[in-house]
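Heads up: the structure comes next, in structure tokens.
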Protein chains: 2
Amino acid sequence: MIVNGEHYKTVWYDPDTNIVYMIDQTKLPFSFEIVELKNYRETAHAIKTMIVRGAGAIGAAAGYAMAQAFVENDEVAFVQKAKEVISGTRPTAVNLFYAVDKVFNAGRISVSEAVKASFEVAEEDEKNSKLIGEFGNEVIKKGDRILTHCNAGWLAFVDYGTALSPVYTAAEDGKNPFVFVDETRPRSQGARLTAWELFHAGIDHRIIADNAAAFYMNKGDIDMVIVGADRIAANGDVANKIGTLGRAIIASHFGIPFYVAAPSSTFDNDCVSGAAIPIEERSEDELLYHTGPTRDGIMTEIRLASPGSKGLNPAFDVTPASLITGIITEKGIFKPGELQEKLRTT
Amino acid sequence: MIVNGEHYKTVWYDPDTNIVYMIDQTKLPFSFEIVELKNYRETAHAIKTMIVRGAGAIGAAAGYAMAQAFVENDEVAFVQKAKEVISGTRPTAVNLFYAVDKVFNAGRISVSEAVKASFEVAEEDEKNSKLIGEFGNEVIKKGDRILTHCNAGWLAFVDYGTALSPVYTAAEDGKNPFVFVDETRPRSQGARLTAWELFHAGIDHRIIADNAAAFYMNKGDIDMVIVGADRIAANGDVANKIGTLGRAIIASHFGIPFYVAAPSSTFDNDCVSGAAIPIEERSEDELLYHTGPTRDGIMTEIRLASPGSKGLNPAFDVTPASLITGIITEKGIFKPGELQEKLRTT
């Protein structure tokens, strides 16, 4: 990805100095800062404090942290402790456990195998994201106007991303896509992270209130919707950021294609349907307050809502398979109903 | 309406002192202040600067301002000039012209007739809102959970309001309604004005992100939707705050009744359908910035969105008649398709 005209990844690692580098996502979009993490504990702390966020990026960072531990000290007790510390940072992140296990097992052979395995985790994430972009690009026509929700861009992965990867590929392909960016209340990941990515990538886009999506769909201004996924059930139901379900219903009403883009690792065969996915209820403060810079650039928190009133803040919703046109994976685009078979056989 | 345990109206007038009083809506919900307007120019200025807002409340304020002018000086040149000044404050507000004309014409007979006419304007608004509440209450069952969007409460009228009037009546009727309050981005009228009204009325409610409405409808937690209207076309299409269309589509998807509450004066027989209603595009700054108090109570504006990115901010959308269960008016509840006939004959 390009930031201020230079190539970046979300997280990267220099084994010679044993330093992990990350874009500090807690500072975005108002400040672009790279943090240097000199040992596995610093990297684990960065994962815990959400300096890095997003399934793929967390996985890569966790793999690098495990490799850092081996480079620091490859005694069994030390790396075993490191595995525990890293695994405890974000206990619900499936990619994190996969990465830590892979690097830990490779490290039993040698330190250099651990380092190599950590690069493989990140490269696999990057390669899958790139393939999602190529498959997704096949359904994008020149000049298409695409609505996206939340941030499933390169910041959530090592590079390219999922929902935005087809947009980036289409742009490289000369198709001049235009992106409607759902603000994505309450945490504004659309207005903040997705808009920031697209601005730096030089892709034409506009932020809209979540409320305005139906207006533009009705006007005929939106050719397709592409969103990411936090978890895909065996029957093709998709858990994703709150508001995704509403977009899918509205897109279906207007006959607009609704795509989900996600690596096959998001597919959870043990989860029968969306009804089995627990929905996280987060603090009402995310809804009732918001932080941002004043005109003078001073980061400040304000109250948005009337004093005395309370809020409800479900973080995710489940979109049923019946409302999804296709799921774009690194193995191709599949109907939700055929995902189980395809991801097993291809 | 009740604020801090006392009865209030949005705007009222004391002809003995010739003072118009208003709740300063620019200060709500963070500060409750009453402004005193000593002559028609002060009242006109208050209308222009949105100290009073909402169709019904603006109409009443304009009528009182016209009465003030007659009490100040009933010479033709003076009241003629006042009529121009008051009419120029909010040039698209239909109720304003109706009120100013009515009081101006009554004032040709005598000053006391002008004063009397100004009270009639406000009383008619209040009476219509109350009737909307009574008709709307008929479709509310005990314990119903009602979703509303934006603010169509008593603050937008002299008292009771439209979308919230059935809720207030149901509460008086012992039905204990619960209200899901759409935040209503970008201007947060739900989180600010509707939540403030319900809090003071002692009605149980929670603010939700606009994105969460589909989640709660899917969960079976919402029994009906009631919204207001800015304009109703002859075929029953309804223009209202941005986001209304999306709620109507989602409610229809889940088979949840979707009601519009509005006085018959909102019905525009000259407007054939929603396609003929122009949609106001407002400043992107309403979306990209937000004002609110810090924890120390200092009103501050922050940027919400990524620097460099632009926004689109349509203020209204049009909900087609086909998605509306019923329109609650002061004359009864009608299907959108029968509105033209009923409002002509009843």
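Letters go in sequence order (proteins before strands), and every chain restarts at 1.
- Closest of all the heavy-atom pairs between B:Asp237 and B:Ala321 is OD1-N, 2.9 Å.
- Residues B:Glu286 and B:Pro186 approach most closely at O-CB, 3.5 Å, considering heavy atoms.
- Here the shortest heavy-atom pairing between A:Asn211 and B:Arg185 reads ND2-O, 2.9 Å.
- At a 4.5 Å heavy-atom cutoff, the contact between A:Ile279 and chain B is made by side-chain atoms alone.
- If you measure heavy-atom distances from B:Leu193 to chain A, you find no contacts under 4.5 Å at all.
- Under the 30°/60° scheme for interplanar angles, the aromatic rings of A:Phe180 and A:Phe178 are found to stand perpendicular.
- Proximity to chain A is limited to the side chain of B:Leu288, based on heavy atoms less than 4.5 angstrom apart.
- The minimum heavy-atom distance linking B:Tyr259 with B:Pro257 is given by the pair CE1-CB, 3.7 Å.
- Only the side chain of B:His149 comes within less than 4.5 Å of a heavy atom in chain A; its backbone stays farther off.
- No donor-acceptor contact under 3.5 angstrom links the side chains of B:Thr184 and B:Asp182, judged on distance only.
- Considering only heavy-atom pairs separated by less than 4.5 Å from chain B, the leading option among A:Ala214, A:Gly308, A:Ser309 is A:Ser309.
- Contact count versus chain B (heavy atoms, under 4.5 Å) is highest, among A:Glu183, A:His290, A:Lys219, A:Met299, for A:Glu183.
- Residue B:Glu284 does not touch chain A at all, counting heavy-atom pairs closer than 4.5 Å.
- For B:Ser252, no part lies under 4.5 angstrom from a heavy atom of chain A.
- Options A:Leu312, A:Leu245, A:Asp317 differ in how many heavy-atom pairs under 4.5 Å they form with chain B, and the most are formed by A:Leu312.
- Of the atoms belonging to B:Phe316, it is backbone heavy atoms, and not side-chain ones, that fall under 4.5 Å from chain A.
- With chain B as partner, the option from A:Leu28, A:Ile249, A:Thr244, A:Leu198 having the largest number of non-hydrogen pairs under 4.5 angstrom is A:Ile249.
- No other option in A:Ala191, A:Ala213, A:Gly311, A:Ser306 has as many heavy-atom pairs under 4.5 Å with chain B as A:Ser306.
- Per-residue counts of heavy-atom pairs under 4.5 Å with chain B were compared for A:Ser188, A:Gly190, A:Pro307; the largest is that of A:Pro307.
- Contact count against chain A (heavy-atom pairs under 4.5 Å) is highest for B:Leu304 among B:Asp296, B:Leu304, B:Ile208, B:Thr294.
- Looking only at heavy-atom pairs under 4.5 Å with chain A, the residue among B:Thr291, B:Ile207, B:Leu287, B:Asn313 that has the most is B:Ile207.
- Only the side chain of B:Asn218 comes within less than 4.5 Å of a heavy atom in chain A; its backbone stays farther off.
- Using a 4.5 Å cut-off between heavy atoms, A:Thr194 makes no contact with chain B at all.
- Looking at heavy atoms from C-beta onward, B:Phe258 lies out of side-chain contact with B:Leu323 at the 4.5 angstrom threshold.
- Residues A:Tyr8 and A:Asp159 share a closest heavy-atom pair of O-OD2, 4.1 Å.
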